[in-house]
Amino acid sequence: MDRASSMLFGGVHFDRKRFASDIERFKEKEAEQDIQIETESQPIESAGIENGRKKKRKANTFEAVESFSVFKASEPVHIVEVDSSEQKKEVEKQIEQAALLRKKHGIHISGHNVPAPLQSFEELSSRYGCKPFLLRNLSELGFKEPTPIQRQAIPILLSGRECFACAPTGSGKTLAFLCPILMKIKPGSGDGIKAVVICPTRELAAQTTRECKKLTKGRKFYVKLMTKELARTGDFKKMPCTVLVSTPLRLDFAVRKRKLDLTRVEYLVLDESDKLFELGFVEQIDSVVKACSNPSIIRSLFSATLPDSVEELARSIMHDAVRVIVGRKNSASELIKQKLIFAGSEEGKLLALRQCFAQSLNPPVLVFVQSKERAKELYKELAFDDIKADVIHADLSQEQRENAVDNFRAGKTWVLIATDVISRGMDFKGVNCVINYDFPESAAAYIHRIGRSGRAGRHGEAITLYTEEDKPFLRNIANVMVASGCEGPSWILSLPKLRRKKHRPQRDSISTAPDDNEE
DNA sequence: AAAAAAT
(Lines give C-alpha, C1' and ligand atoms only; values in the text may rest on other atoms or scores of the structure.)
Protein backbone atom coordinates (compact mmCIF):
# COMPACT_ATOMS: atom_id res chain seq x y z
CA MET A 1 0.00 0.00 0.00
CA ASP A 2 3.04 2.22 0.34
CA ARG A 3 3.26 2.84 -3.33
CA ALA A 4 -0.41 3.56 -3.40
CA SER A 5 0.02 5.98 -0.58
CA SER A 6 2.75 7.96 -2.28
CA MET A 7 0.66 7.96 -5.45
CA LEU A 8 -2.23 9.57 -3.73
CA PHE A 9 -0.10 12.00 -1.84
CA GLY A 10 0.92 13.22 -5.25
CA GLY A 11 -2.62 14.34 -5.84
CA VAL A 12 -3.03 16.44 -2.74
CA HIS A 13 -4.21 19.91 -3.48
CA PHE A 14 -4.25 21.30 -0.01
CA ASP A 15 -0.73 20.93 1.04
CA ARG A 16 -0.16 21.71 4.65
CA LYS A 17 3.56 22.14 4.10
CA ARG A 18 3.02 24.66 1.39
CA PHE A 19 0.78 26.71 3.61
CA ALA A 20 2.74 26.11 6.76
CA SER A 21 3.69 29.74 7.12
CA ASP A 22 0.10 30.86 6.81
CA ILE A 23 -0.92 28.29 9.30
CA GLU A 24 1.73 29.36 11.78
CA ARG A 25 0.81 32.98 11.45
CA PHE A 26 -2.76 32.11 11.87
CA LYS A 27 -2.09 30.19 15.03
CA GLU A 28 -0.35 33.17 16.56
CA LYS A 29 -3.26 35.36 15.74
CA GLU A 30 -5.57 32.84 17.20
CA ALA A 31 -3.64 32.74 20.43
CA GLU A 32 -3.70 36.52 20.70
CA GLN A 33 -7.35 36.89 20.07
CA ASP A 34 -8.70 33.93 21.88
CA ILE A 35 -10.74 31.63 19.78
CA GLN A 36 -13.46 33.37 17.96
CA ILE A 37 -15.89 31.76 15.63
CA GLU A 38 -15.94 33.24 12.18
CA THR A 39 -19.05 33.90 10.22
CA GLU A 40 -19.65 34.64 6.60
CA SER A 41 -20.20 38.27 7.41
CA GLN A 42 -16.76 38.40 8.94
CA PRO A 43 -14.62 36.73 6.33
CA ILE A 44 -11.77 34.59 7.48
CA GLU A 45 -9.25 36.48 5.38
CA SER A 46 -9.60 39.40 7.71
CA ALA A 47 -8.50 37.35 10.65
CA GLY A 48 -4.92 36.88 9.69
CA ILE A 49 -4.09 37.35 6.07
CA GLU A 50 -3.04 40.62 4.55
CA ASN A 51 -5.09 42.11 1.80
CA GLY A 52 -3.84 42.77 -1.67
CA ARG A 53 -2.83 39.25 -2.59
CA LYS A 54 -3.64 37.64 -5.84
CA LYS A 55 -7.08 36.24 -5.90
CA LYS A 56 -6.10 32.63 -6.50
CA ARG A 57 -3.54 32.59 -3.77
CA LYS A 58 -6.08 34.02 -1.44
CA ALA A 59 -8.52 31.29 -2.23
CA ASN A 60 -5.96 28.60 -1.49
CA THR A 61 -4.96 30.17 1.74
CA PHE A 62 -8.55 30.40 2.68
CA GLU A 63 -8.79 26.66 2.18
CA ALA A 64 -5.76 25.95 4.30
CA VAL A 65 -6.95 28.13 7.10
CA GLU A 66 -10.38 26.73 6.82
CA SER A 67 -9.06 23.28 7.49
CA PHE A 68 -8.64 24.23 11.09
CA SER A 69 -11.45 22.77 12.98
CA VAL A 70 -12.51 25.88 14.82
CA PHE A 71 -13.30 27.69 11.66
CA LYS A 72 -15.24 25.00 9.97
CA ALA A 73 -18.91 25.70 9.86
CA SER A 74 -21.19 22.89 8.91
CA GLU A 75 -24.62 24.20 8.11
CA PRO A 76 -25.15 26.91 5.49
CA VAL A 77 -23.43 29.18 7.87
CA HIS A 78 -25.73 30.61 10.41
CA ILE A 79 -23.36 30.90 13.21
CA VAL A 80 -24.18 30.46 16.62
CA GLU A 81 -23.67 33.58 18.53
CA VAL A 82 -24.77 32.23 21.80
CA ASP A 83 -25.80 35.23 23.85
CA SER A 84 -28.83 34.08 25.69
CA SER A 85 -29.33 30.90 27.58
CA GLU A 86 -32.54 30.50 25.58
CA GLN A 87 -30.61 30.16 22.35
CA LYS A 88 -28.05 27.99 23.98
CA LYS A 89 -30.75 25.61 25.04
CA GLU A 90 -32.20 25.56 21.55
CA VAL A 91 -28.84 24.65 20.04
CA GLU A 92 -28.30 21.93 22.59
CA LYS A 93 -31.72 20.55 21.85
CA GLN A 94 -30.94 20.37 18.13
CA ILE A 95 -27.67 18.62 18.75
CA GLU A 96 -29.39 16.13 20.99
CA GLN A 97 -32.10 15.53 18.39
CA ALA A 98 -29.50 14.87 15.71
CA ALA A 99 -27.75 12.40 18.00
CA LEU A 100 -31.01 10.58 18.67
CA LEU A 101 -31.81 10.35 14.97
CA ARG A 102 -28.36 8.95 14.29
CA LYS A 103 -28.72 6.40 17.02
CA LYS A 104 -32.10 5.33 15.70
CA HIS A 105 -30.65 4.63 12.26
CA GLY A 106 -27.31 3.19 13.29
CA ILE A 107 -25.36 6.14 11.91
CA HIS A 108 -21.89 6.68 13.35
CA ILE A 109 -19.96 9.80 12.55
CA SER A 110 -16.62 11.34 13.23
CA GLY A 111 -15.58 14.85 12.42
CA HIS A 112 -16.60 18.12 13.95
CA ASN A 113 -19.74 20.14 13.31
CA VAL A 114 -21.45 17.39 11.38
CA PRO A 115 -24.81 18.55 10.02
CA ALA A 116 -27.90 16.90 11.42
CA PRO A 117 -29.28 13.92 9.50
CA LEU A 118 -32.43 14.33 7.42
CA GLN A 119 -35.77 13.47 8.95
CA SER A 120 -37.30 13.15 5.51
CA PHE A 121 -36.71 14.00 1.87
CA GLU A 122 -39.00 17.01 2.26
CA GLU A 123 -36.41 18.49 4.56
CA LEU A 124 -34.24 18.86 1.47
CA SER A 125 -36.42 21.73 0.36
CA SER A 126 -36.98 23.32 3.76
CA ARG A 127 -33.34 23.11 4.81
CA TYR A 128 -31.52 23.31 1.51
CA GLY A 129 -33.91 24.83 -0.99
CA CYS A 130 -34.20 21.71 -3.10
CA LYS A 131 -36.02 22.25 -6.38
CA PRO A 132 -39.37 20.50 -6.78
CA PHE A 133 -38.25 18.38 -9.75
CA LEU A 134 -35.91 16.27 -7.65
CA LEU A 135 -38.42 15.62 -4.89
CA ARG A 136 -40.99 14.76 -7.53
CA ASN A 137 -38.64 12.33 -9.26
CA LEU A 138 -37.65 10.74 -5.96
CA SER A 139 -41.25 10.16 -5.07
CA GLU A 140 -42.16 8.91 -8.55
CA LEU A 141 -39.29 6.47 -8.43
CA GLY A 142 -40.66 5.14 -5.17
CA PHE A 143 -38.12 6.60 -2.76
CA LYS A 144 -40.25 7.57 0.19
CA GLU A 145 -37.96 7.64 3.18
CA PRO A 146 -34.27 8.36 2.99
CA THR A 147 -32.06 5.42 3.97
CA PRO A 148 -29.62 5.96 6.85
CA ILE A 149 -26.68 6.72 4.58
CA GLN A 150 -28.81 9.16 2.59
CA ARG A 151 -30.01 10.89 5.76
CA GLN A 152 -26.46 11.65 6.84
CA ALA A 153 -24.32 11.85 3.72
CA ILE A 154 -26.60 14.22 1.79
CA PRO A 155 -26.51 17.04 4.36
CA ILE A 156 -22.76 16.61 4.74
CA LEU A 157 -22.12 17.01 1.02
CA LEU A 158 -24.66 19.82 0.72
CA SER A 159 -22.93 21.81 3.41
CA GLY A 160 -19.74 21.63 1.40
CA ARG A 161 -17.88 19.03 3.40
CA GLU A 162 -15.90 16.17 1.97
CA CYS A 163 -16.84 12.77 3.27
CA PHE A 164 -16.09 9.12 3.26
CA ALA A 165 -19.01 6.87 3.71
CA CYS A 166 -19.37 3.21 4.53
CA ALA A 167 -22.80 1.64 4.41
CA PRO A 168 -24.05 -1.87 3.64
CA THR A 169 -24.59 -3.15 0.12
CA GLY A 170 -27.94 -2.20 -1.32
CA SER A 171 -28.57 0.58 1.19
CA GLY A 172 -28.80 3.47 -1.24
CA LYS A 173 -25.30 4.89 -1.51
CA THR A 174 -25.74 5.89 -5.15
CA LEU A 175 -28.62 8.19 -4.36
CA ALA A 176 -26.70 9.55 -1.40
CA PHE A 177 -24.06 11.05 -3.69
CA LEU A 178 -26.28 11.87 -6.68
CA CYS A 179 -28.82 13.98 -4.79
CA PRO A 180 -26.39 16.65 -3.58
CA ILE A 181 -24.84 16.87 -7.04
CA LEU A 182 -28.19 17.41 -8.71
CA MET A 183 -29.17 19.98 -6.12
CA LYS A 184 -26.00 22.03 -6.33
CA ILE A 185 -25.42 21.92 -10.05
CA LYS A 186 -27.54 24.03 -12.32
CA PRO A 187 -29.22 22.39 -15.27
CA GLY A 188 -28.31 23.42 -18.79
CA SER A 189 -25.08 23.00 -20.63
CA GLY A 190 -23.35 25.42 -18.29
CA ASP A 191 -19.65 25.76 -18.74
CA GLY A 192 -18.09 22.37 -18.60
CA ILE A 193 -18.10 19.30 -16.46
CA LYS A 194 -19.24 20.00 -12.92
CA ALA A 195 -19.40 16.53 -11.44
CA VAL A 196 -17.44 13.34 -12.02
CA VAL A 197 -18.34 9.91 -10.70
CA ILE A 198 -15.77 7.12 -11.00
CA CYS A 199 -16.76 3.45 -10.82
CA PRO A 200 -14.55 0.36 -11.08
CA THR A 201 -16.47 -1.37 -13.89
CA ARG A 202 -18.29 -0.32 -17.03
CA GLU A 203 -21.46 -2.07 -15.96
CA LEU A 204 -21.56 -0.11 -12.74
CA ALA A 205 -20.80 3.15 -14.54
CA ALA A 206 -23.66 2.45 -16.94
CA GLN A 207 -26.02 1.67 -14.09
CA THR A 208 -25.07 4.83 -12.19
CA THR A 209 -25.61 6.91 -15.32
CA ARG A 210 -29.08 5.43 -15.75
CA GLU A 211 -29.97 6.16 -12.13
CA CYS A 212 -28.76 9.71 -12.50
CA LYS A 213 -30.77 10.24 -15.68
CA LYS A 214 -33.91 8.99 -13.97
CA LEU A 215 -33.43 11.55 -11.21
CA THR A 216 -33.04 14.39 -13.68
CA LYS A 217 -36.25 13.69 -15.55
CA GLY A 218 -37.96 16.93 -16.53
CA ARG A 219 -34.76 18.99 -16.32
CA LYS A 220 -32.10 19.47 -18.91
CA PHE A 221 -29.12 18.01 -17.16
CA TYR A 222 -26.41 16.64 -19.38
CA VAL A 223 -25.50 13.33 -17.82
CA LYS A 224 -22.95 11.38 -19.86
CA LEU A 225 -21.44 7.95 -19.63
CA MET A 226 -17.86 7.81 -20.83
CA THR A 227 -18.07 5.19 -23.52
CA LYS A 228 -15.34 3.96 -25.78
CA GLU A 229 -16.62 6.23 -28.52
CA LEU A 230 -16.71 9.24 -26.29
CA ALA A 231 -13.20 8.66 -24.96
CA ARG A 232 -11.83 8.43 -28.47
CA THR A 233 -13.70 11.10 -30.36
CA GLY A 234 -15.17 13.12 -27.55
CA ASP A 235 -14.79 16.80 -27.84
CA PHE A 236 -16.20 17.87 -24.52
CA LYS A 237 -15.86 21.51 -25.34
CA LYS A 238 -18.54 21.33 -27.98
CA MET A 239 -20.65 18.64 -26.42
CA PRO A 240 -22.62 19.67 -23.39
CA CYS A 241 -21.83 17.55 -20.38
CA THR A 242 -22.33 18.52 -16.76
CA VAL A 243 -22.23 15.16 -15.00
CA LEU A 244 -19.75 12.58 -16.25
CA VAL A 245 -19.67 8.96 -15.12
CA SER A 246 -16.66 6.88 -16.07
CA THR A 247 -14.31 4.03 -15.31
CA PRO A 248 -10.82 5.18 -14.26
CA LEU A 249 -8.74 4.27 -17.26
CA ARG A 250 -10.94 5.89 -19.87
CA LEU A 251 -11.13 9.05 -17.86
CA ASP A 252 -7.40 9.13 -17.31
CA PHE A 253 -6.87 8.49 -21.00
CA ALA A 254 -9.11 11.36 -22.03
CA VAL A 255 -7.43 13.67 -19.54
CA ARG A 256 -3.98 12.80 -20.83
CA LYS A 257 -5.10 13.29 -24.42
CA ARG A 258 -6.41 16.68 -23.35
CA LYS A 259 -9.86 15.88 -24.61
CA LEU A 260 -11.28 16.72 -21.27
CA ASP A 261 -11.19 19.72 -19.00
CA LEU A 262 -11.77 18.84 -15.37
CA THR A 263 -10.70 22.13 -13.86
CA ARG A 264 -14.25 23.20 -13.13
CA VAL A 265 -15.35 19.99 -11.45
CA GLU A 266 -17.13 20.75 -8.19
CA TYR A 267 -17.95 17.22 -7.13
CA LEU A 268 -15.76 14.15 -7.47
CA VAL A 269 -17.16 10.84 -6.27
CA LEU A 270 -15.13 7.68 -5.97
CA ASP A 271 -17.66 4.89 -5.82
CA GLU A 272 -16.47 1.53 -4.48
CA SER A 273 -13.52 3.52 -3.31
CA ASP A 274 -11.60 0.70 -1.67
CA LYS A 275 -11.53 -1.07 -5.02
CA LEU A 276 -10.38 2.09 -6.76
CA PHE A 277 -7.51 2.42 -4.30
CA GLU A 278 -6.09 -0.96 -5.27
CA LEU A 279 -2.85 -0.98 -7.18
CA GLY A 280 -3.49 -0.73 -10.87
CA PHE A 281 -6.36 1.66 -10.28
CA VAL A 282 -4.86 4.07 -7.83
CA GLU A 283 -2.41 5.54 -10.34
CA GLN A 284 -5.27 6.46 -12.65
CA ILE A 285 -7.32 7.81 -9.79
CA ASP A 286 -4.39 9.94 -8.73
CA SER A 287 -4.11 11.39 -12.20
CA VAL A 288 -7.79 12.26 -12.28
CA VAL A 289 -7.72 13.74 -8.78
CA LYS A 290 -4.87 15.97 -9.93
CA ALA A 291 -6.76 17.01 -13.04
CA CYS A 292 -9.68 18.19 -10.92
CA SER A 293 -7.86 21.31 -9.87
CA ASN A 294 -10.74 23.45 -8.68
CA PRO A 295 -9.68 24.39 -5.15
CA SER A 296 -13.20 24.23 -3.79
CA ILE A 297 -13.88 20.75 -5.11
CA ILE A 298 -15.79 18.40 -2.84
CA ARG A 299 -14.55 14.85 -2.97
CA SER A 300 -16.31 11.87 -1.50
CA LEU A 301 -15.62 8.18 -1.10
CA PHE A 302 -18.32 5.55 -0.92
CA SER A 303 -18.15 1.82 -0.30
CA ALA A 304 -19.63 -0.99 1.71
CA THR A 305 -16.17 -2.00 2.81
CA LEU A 306 -13.61 0.39 4.16
CA PRO A 307 -10.34 -1.19 5.24
CA ASP A 308 -8.26 0.74 7.74
CA SER A 309 -5.53 1.24 5.17
CA VAL A 310 -7.92 2.99 2.80
CA GLU A 311 -9.33 5.02 5.63
CA GLU A 312 -5.88 6.26 6.53
CA LEU A 313 -5.18 7.09 2.91
CA ALA A 314 -8.43 8.91 2.63
CA ARG A 315 -7.69 10.96 5.72
CA SER A 316 -4.36 11.99 4.28
CA ILE A 317 -5.73 13.27 1.00
CA MET A 318 -9.07 14.64 2.03
CA HIS A 319 -9.84 18.01 3.36
CA ASP A 320 -11.46 17.97 6.75
CA ALA A 321 -13.62 15.06 5.76
CA VAL A 322 -16.47 13.69 7.76
CA ARG A 323 -16.55 9.93 8.23
CA VAL A 324 -19.91 8.23 8.17
CA ILE A 325 -20.45 4.61 8.98
CA VAL A 326 -23.85 2.99 8.91
CA GLY A 327 -24.31 -0.13 10.97
CA ARG A 328 -21.20 -2.08 11.69
CA LYS A 329 -18.19 -1.42 9.54
CA ASN A 330 -17.58 -4.09 6.89
CA SER A 331 -20.69 -6.09 7.57
CA ALA A 332 -23.23 -7.58 5.20
CA SER A 333 -26.93 -6.81 5.08
CA GLU A 334 -28.87 -8.50 7.84
CA LEU A 335 -31.51 -9.54 5.34
CA ILE A 336 -29.25 -12.11 3.72
CA LYS A 337 -29.45 -15.61 5.06
CA GLN A 338 -25.89 -16.85 4.86
CA LYS A 339 -24.97 -20.52 4.63
CA LEU A 340 -21.78 -22.51 4.33
CA ILE A 341 -21.70 -25.86 2.55
CA PHE A 342 -18.79 -28.27 2.76
CA ALA A 343 -18.06 -29.70 -0.69
CA GLY A 344 -15.04 -31.73 0.36
CA SER A 345 -12.78 -31.09 -2.58
CA GLU A 346 -12.69 -29.24 -5.86
CA GLU A 347 -14.27 -32.27 -7.49
CA GLY A 348 -17.14 -32.19 -5.03
CA LYS A 349 -18.19 -28.65 -5.85
CA LEU A 350 -19.96 -29.31 -9.11
CA LEU A 351 -21.96 -32.04 -7.48
CA ALA A 352 -22.76 -29.76 -4.55
CA LEU A 353 -23.92 -27.07 -6.95
CA ARG A 354 -26.17 -29.46 -8.82
CA GLN A 355 -27.59 -30.65 -5.51
CA CYS A 356 -28.30 -27.06 -4.55
CA PHE A 357 -30.19 -26.54 -7.79
CA ALA A 358 -32.03 -29.85 -7.43
CA GLN A 359 -33.21 -28.99 -3.92
CA SER A 360 -34.45 -25.58 -4.81
CA LEU A 361 -33.74 -23.46 -7.80
CA ASN A 362 -35.24 -20.11 -7.12
CA PRO A 363 -34.12 -17.78 -9.90
CA PRO A 364 -32.57 -15.36 -10.37
CA VAL A 365 -29.37 -16.88 -9.01
CA LEU A 366 -25.83 -15.55 -9.26
CA VAL A 367 -22.85 -17.91 -9.15
CA PHE A 368 -19.42 -16.43 -8.52
CA VAL A 369 -16.14 -18.06 -9.55
CA GLN A 370 -12.55 -16.98 -9.21
CA SER A 371 -11.36 -16.60 -12.78
CA LYS A 372 -12.52 -16.01 -16.31
CA GLU A 373 -11.39 -19.49 -17.34
CA ARG A 374 -13.36 -21.11 -14.58
CA ALA A 375 -16.40 -19.04 -15.50
CA LYS A 376 -16.22 -20.35 -19.07
CA GLU A 377 -15.78 -23.93 -17.90
CA LEU A 378 -18.58 -23.87 -15.38
CA TYR A 379 -20.82 -22.38 -18.03
CA LYS A 380 -20.03 -25.28 -20.35
CA GLU A 381 -20.82 -27.74 -17.59
CA LEU A 382 -24.17 -26.19 -16.82
CA ALA A 383 -25.08 -25.73 -20.46
CA PHE A 384 -25.83 -29.46 -20.60
CA ASP A 385 -28.22 -29.16 -17.68
CA ASP A 386 -31.76 -28.07 -18.06
CA ILE A 387 -31.14 -24.63 -16.72
CA LYS A 388 -31.18 -21.28 -18.46
CA ALA A 389 -27.67 -20.25 -17.61
CA ASP A 390 -25.44 -17.50 -18.90
CA VAL A 391 -21.99 -16.20 -18.15
CA ILE A 392 -20.28 -12.83 -17.76
CA HIS A 393 -16.61 -11.91 -17.48
CA ALA A 394 -14.23 -9.41 -18.99
CA ASP A 395 -13.14 -11.61 -21.90
CA LEU A 396 -16.51 -11.00 -23.49
CA SER A 397 -17.15 -8.10 -25.81
CA GLN A 398 -18.88 -5.03 -24.49
CA GLU A 399 -22.00 -6.06 -26.30
CA GLN A 400 -21.95 -9.58 -24.91
CA ARG A 401 -21.47 -8.20 -21.42
CA GLU A 402 -24.38 -5.84 -21.84
CA ASN A 403 -26.59 -8.63 -23.14
CA ALA A 404 -25.69 -10.87 -20.23
CA VAL A 405 -26.65 -8.16 -17.77
CA ASP A 406 -29.83 -7.22 -19.63
CA ASN A 407 -31.02 -10.81 -19.97
CA PHE A 408 -30.38 -11.43 -16.33
CA ARG A 409 -32.27 -8.26 -15.42
CA ALA A 410 -35.14 -9.28 -17.66
CA GLY A 411 -35.40 -12.72 -16.09
CA LYS A 412 -34.41 -14.52 -19.28
CA THR A 413 -31.38 -15.92 -17.51
CA TRP A 414 -32.01 -17.95 -14.38
CA VAL A 415 -28.45 -18.57 -13.38
CA LEU A 416 -25.72 -16.10 -14.19
CA ILE A 417 -22.16 -17.34 -13.75
CA ALA A 418 -19.81 -14.48 -13.10
CA THR A 419 -16.36 -13.34 -12.12
CA ASP A 420 -15.96 -10.43 -9.75
CA VAL A 421 -16.77 -8.02 -12.62
CA ILE A 422 -20.29 -7.73 -11.32
CA SER A 423 -19.56 -8.35 -7.66
CA ARG A 424 -19.67 -4.69 -6.75
CA GLY A 425 -22.45 -2.18 -6.91
CA MET A 426 -24.61 -3.94 -9.47
CA ASP A 427 -28.25 -3.66 -8.54
CA PHE A 428 -30.21 -6.58 -9.94
CA LYS A 429 -33.65 -6.37 -8.50
CA GLY A 430 -34.62 -9.43 -6.55
CA VAL A 431 -31.63 -11.75 -6.81
CA ASN A 432 -32.83 -14.58 -4.60
CA CYS A 433 -29.60 -16.40 -4.12
CA VAL A 434 -25.89 -15.80 -4.50
CA ILE A 435 -23.68 -18.87 -4.64
CA ASN A 436 -19.96 -18.64 -4.07
CA TYR A 437 -18.82 -21.57 -6.14
CA ASP A 438 -15.26 -20.48 -5.49
CA PHE A 439 -14.37 -19.26 -2.05
CA PRO A 440 -13.99 -15.47 -2.05
CA GLU A 441 -10.47 -14.18 -1.67
CA SER A 442 -11.29 -11.79 1.13
CA ALA A 443 -14.01 -10.81 3.52
CA ALA A 444 -14.59 -7.68 1.44
CA ALA A 445 -15.05 -9.75 -1.72
CA TYR A 446 -17.50 -11.94 0.18
CA ILE A 447 -19.50 -8.95 1.41
CA HIS A 448 -19.78 -7.43 -2.06
CA ARG A 449 -20.67 -10.69 -3.78
CA ILE A 450 -23.45 -11.66 -1.41
CA GLY A 451 -24.60 -8.06 -1.41
CA ARG A 452 -26.02 -8.60 -4.92
CA SER A 453 -29.00 -10.06 -3.10
CA GLY A 454 -30.90 -8.70 -0.13
CA ARG A 455 -31.07 -5.21 -1.57
CA ALA A 456 -33.40 -2.32 -0.81
CA GLY A 457 -35.10 -4.12 2.04
CA ARG A 458 -35.60 -7.44 0.24
CA HIS A 459 -34.56 -10.77 1.67
CA GLY A 460 -31.85 -12.88 0.09
CA GLU A 461 -29.80 -15.99 0.48
CA ALA A 462 -26.08 -16.63 0.14
CA ILE A 463 -24.46 -20.03 -0.11
CA THR A 464 -20.71 -20.46 0.05
CA LEU A 465 -19.14 -23.73 -0.98
CA TYR A 466 -15.89 -24.58 0.70
CA THR A 467 -13.37 -27.36 0.47
CA GLU A 468 -10.71 -28.77 2.72
CA GLU A 469 -8.22 -26.22 1.44
CA ASP A 470 -10.57 -23.30 2.08
CA LYS A 471 -10.94 -24.24 5.74
CA PRO A 472 -8.15 -22.01 7.04
CA PHE A 473 -10.03 -19.02 5.65
CA LEU A 474 -13.47 -19.87 6.96
CA ARG A 475 -13.10 -17.85 10.08
CA ASN A 476 -13.06 -14.58 8.16
CA ILE A 477 -16.37 -15.40 6.60
CA ALA A 478 -17.85 -16.64 9.85
CA ASN A 479 -16.92 -13.32 11.43
CA VAL A 480 -18.83 -11.47 8.73
CA MET A 481 -21.79 -13.75 9.30
CA VAL A 482 -21.83 -12.99 12.99
CA ALA A 483 -21.34 -9.25 12.42
CA SER A 484 -24.38 -9.19 10.17
CA GLY A 485 -26.65 -11.06 12.51
CA CYS A 486 -26.34 -14.60 11.13
CA GLU A 487 -25.52 -17.52 13.31
CA GLY A 488 -21.83 -18.10 12.88
CA PRO A 489 -21.20 -21.80 13.09
CA SER A 490 -19.67 -22.13 16.53
CA TRP A 491 -17.12 -24.73 15.51
CA ILE A 492 -15.63 -22.27 13.08
CA LEU A 493 -15.59 -19.44 15.53
CA SER A 494 -13.68 -21.59 17.93
CA LEU A 495 -11.01 -22.28 15.33
CA PRO A 496 -7.69 -20.65 16.01
CA LYS A 497 -7.26 -17.25 14.39
CA LEU A 498 -5.74 -17.63 10.99
CA ARG A 499 -2.55 -16.13 9.81
CA ARG A 500 -3.09 -13.05 7.78
CA LYS A 501 -2.61 -14.60 4.43
CA LYS A 502 -4.58 -13.98 1.34
CA HIS A 503 -6.58 -16.76 -0.12
CA ARG A 504 -4.92 -17.68 -3.38
CA PRO A 505 -6.56 -20.78 -4.72
CA GLN A 506 -4.58 -22.88 -7.14
CA ARG A 507 -7.61 -23.96 -9.04
CA ASP A 508 -6.96 -24.43 -12.70
CA SER A 509 -10.07 -25.87 -14.12
CA ILE A 510 -13.51 -26.94 -13.15
CA SER A 511 -13.30 -30.67 -12.77
CA THR A 512 -16.09 -33.12 -12.71
CA ALA A 513 -15.51 -35.98 -10.38
CA PRO A 514 -13.79 -38.69 -12.42
CA ASP A 515 -16.58 -41.17 -11.89
CA ASP A 516 -18.63 -43.10 -14.40
CA ASN A 517 -21.76 -43.50 -12.41
CA GLU A 518 -22.74 -39.86 -12.22
CA GLU A 519 -26.47 -39.29 -12.07
C1' DA B 1 -7.00 -13.47 -9.98
C1' DA B 2 -9.80 -9.68 -11.82
C1' DA B 3 -10.60 -5.25 -13.53
C1' DA B 4 -9.66 -1.00 -16.52
C1' DA B 5 -7.63 1.69 -22.94
C1' DA B 6 -6.02 1.44 -27.20
C1' DT B 7 -2.46 0.53 -30.45
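All chains are named by letter (A, B, ...) in the order of the sequence lines, taking the proteins before the strands, and each is independently numbered beginning at 1. Please read these numbers as outputs of a predicted model, since none were measured by experiment.
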Side-chain N or O of [X] closer than 4.0 Å to phosphate OP1/OP2 of [N]:
X: R250(A); N: dA4(B); value: no
X: T247(A); N: dA5(B); value: yes
X: R202(A); N: dA5(B); value: yes
X: R401(A); N: dA4(B); value: yes
X: K372(A); N: dA3(B); value: yes

Rounded to whole Å, how long is the line connecting atom [atom1] of [X] with atom [atom2] of [N]?
X: F368(A); N: dA1(B); atom1: CZ; atom2: C1'; answer: 15 Å
X: F439(A); N: dA1(B); atom1: CZ; atom2: P; answer: 18 Å
X: L230(A); N: dA5(B); atom1: CG; atom2: P; answer: 12 Å
X: K228(A); N: dA6(B); atom1: NZ; atom2: C1'; answer: 8 Å
X: R374(A); N: dA1(B); atom1: CZ; atom2: P; answer: 12 Å
X: H448(A); N: dA3(B); atom1: NE2; atom2: P; answer: 16 Å
X: L249(A); N: dA2(B); atom1: CG; atom2: C1'; answer: 14 Å
X: D420(A); N: dA4(B); atom1: CG; atom2: C1'; answer: 15 Å

Side chain of E441(A) only, please: which of dA1(B), dA5(B), dA2(B) is the nearest?
->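 Nearest to the side-chain atoms of E441(A), counting from C-beta on, is dA1(B).
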Would you mind telling me which of dA1(B), dA3(B), dA6(B) lies closest to the side-chain atoms of F253(A)?
->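 For the F253(A) side chain, the nearest candidate turns out to be dA6(B).
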Check the angle between the aromatic planes of F439(A) and F473(A) and answer parallel, tilted or perpendicular using the 30° and 60° thresholds.
->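 The arrangement is tilted - the two ring planes meet at 30° to 60°.
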Report the distance from atom CG of L215(A) to atom CZ of F221(A), rounding to the nearest 0.5 Å.
->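 Answer rounded to 0.5 Å: 10.0 Å.
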Counting N and O atoms only, with roles assigned by atom type, does the side chain of R452(A) sit under 3.5 Å from a partner on the main chain of M426(A), one being a donor and the other an acceptor?
->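 Side chain of R452(A) to backbone of M426(A), a donor-acceptor pair under 3.5 Å: yes, one is there.
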Quiz item: cation-pi between K471(A) and F342(A), 6.0 Å / 45° =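 That pair qualifies as a cation-pi contact.
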Check every strand shown and say whether P248(A) touches a base, only sugar-phosphate, or nothing at a heavy-atom separation below 4.0 Å.
->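 Since no nucleic acid heavy atom lies under 4.0 Å of P248(A), the category is nothing.
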Pair K376(A) + E373(A): basic N to acidic O under 4.0 Å =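 Yes, K376(A) and E373(A) are salt-bridged.
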5'-most contact on DNA chain B: I392(A) or T227(A), nearest heavy atom basis?
->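 Result of the comparison: I392(A).
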